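All values derive from a computational prediction rather than experimental measurement. Reckoned from all heavy atoms, side chains included, excluding hydrogens, waters and symmetry mates.
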Amino acid sequence: MARVLVVGAGLTGGACAALLRGAALGRIAVWEKARGAGGPGTRRGAARRGAARRGAARRGAARRLVSSRLVSSLTGCRAGGRMSTSRSAQDAACTADLGAQYVTLETARAGSRRSFYEELLSHGILKPLTAPIEGMVVKEGSCNYVAPQGISSVVKYYLKQSGADVFYEQHVTHVSLRDGKWEVFRKMGPPEQFDIVILTMPVPQILQLQGDIVNIINESQKQQLESASYSSRYALGLFYEAGTRIDVPWAAQYITDNPCIRFISIDNKKRNIESPEIGPSVVVHTTVTFGSEHLDSDPAEVQRLILSHLERIVPSLPKPVSIKCQKWRYSQHTRAGGRVGCLKAVCMLAQQHEAWAAHHDSCYSEVHLTSHPGRSPCQPNRVAGSFGNGRLPFLC
């Protein structure tokens, strides 16, 4: 049986791992650079999960936590990629989606991918967005959905369905060929060998990898990858104590006349999970211009600037008990880099494993999707029309 490695535990990585499970290739591993709850059987992961469950039970809010080995850490780490859900440092039940805010299904473009949405809706992972969003333009034939348990619950669902072994703090640096297998090096820990490696990180991070992969990507493919570009922005999460009132008539609002802030969301109100037992949370997304101008600025100064603009827009906003400032260097595609396809450096696997050869085309067509061309770079993070991000080279 083949060993398969998926690099990246975001939406593309999670969905790909779930699809690959049906190929009966063998054991699937997922490596994620960010911190998380800990991989299967790790002591740190078990301790964090236990602490989160006990704390939530004391507050009578355990039902709102995802009972999964993939629960994010209490300090709001980024497992889930741009579909991450952060938690208050004071109250693990108080959460905020700092990345993607909602999922949009464009029925005319959905095709066979509609089944993804139907599955998530049937399991309660997604629910229709019914809260009032001021300034949102709704396209004809489109449907918007939120994730009541946090947007990261979508990724967690797919990772759970995949049955993969998920390991965090695994920063891949080199990918090389050794004896007909892919040897993958990381910053911490010894290298491991795999039959198939699937890279789902942002394109610039793929281009930074060292080893034989540098020679595997031909000049045409490299030019396609290098043509991909991303917008950058900051997100701010404000977490409040239970019982705090935020008196605004909207659940979220697009801002058009501020140089710093583009989007504000009362996150628990947007997700329709308001409860007197759990404090509210507010999410702020900056404009792309502000994000680009302050990309390498001191985070404390960036946070101060965002808060000063927020106070002018919503002067009645109470003082939060904790704040999370998140920089999204690769927030959204502004120009897709085209399809890279399957980099067949070693064809022996496709020859020996008919299941992989037969499954490859369907998996590729379902997961490797270009970004939605209708998205404005000034909009906050969301997933529009498809599950995927146009960045999925296969090494097989």
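Checked against the 6.0 Å centroid criterion, the rings of Y234 and H294 do not qualify as a close aromatic pair.
Taking Y145 as the reference, nothing meets the ring-ring contact (aromatic ring centres under 6.0 Å, His included) condition, with sequence neighbours excluded.
Checking side-chain atoms of R21 against main-chain N and O of Q161 turns up a donor-acceptor pair under 3.5 Å.
Residues Y240 and W250 fall within the same hydrophobic cluster, defined by Ile, Leu, Val, Met, Phe, Trp and Tyr side chains chained together at heavy-atom separations under 4.5 Å. In the hydrophobic clustering of this structure, L126 groups with L105; members are Ile, Leu, Val, Met, Phe, Trp, Tyr whose side-chain heavy atoms approach within less than 4.5 Å, directly or through other members.
Contact annotation: the side chain of F290 approaches that of I306 to within less than 4.5 Å [non-hydrogen atoms, C-beta and beyond]. A 4.5 Å side-chain heavy-atom check between I323 and L307 finds at least one atom pair inside the cut-off.
For C94 against P280, the heavy-atom pair with the smallest separation is SG-O, 3.5 Å.
Side-chain contact annotation: T12 with T200, donor-acceptor N/O pair under 3.5 Å absent. Between the side chains of Y330 and Q205, no donor-acceptor pair is found at a separation under 3.5 Å. Side-chain polar atoms of T95 and R271 form a donor-acceptor pair below 3.5 angstrom.
Ion pairing of E169 with K187 is absent here, as no side-chain N (NZ or NE/NH1/NH2) approaches a carboxylate O to less than 4.0 Å.
Cation-pi geometry between R82 and W328 is not satisfied (NZ or CZ under 6.0 Å from the ring centre, within 45° of the ring normal).
For the salt bridge (Lys or Arg N to Asp or Glu O under 4.0 Å) condition, the pairs that include at least one residue of residues 300-320, sequence neighbours left out, are E301-R304.
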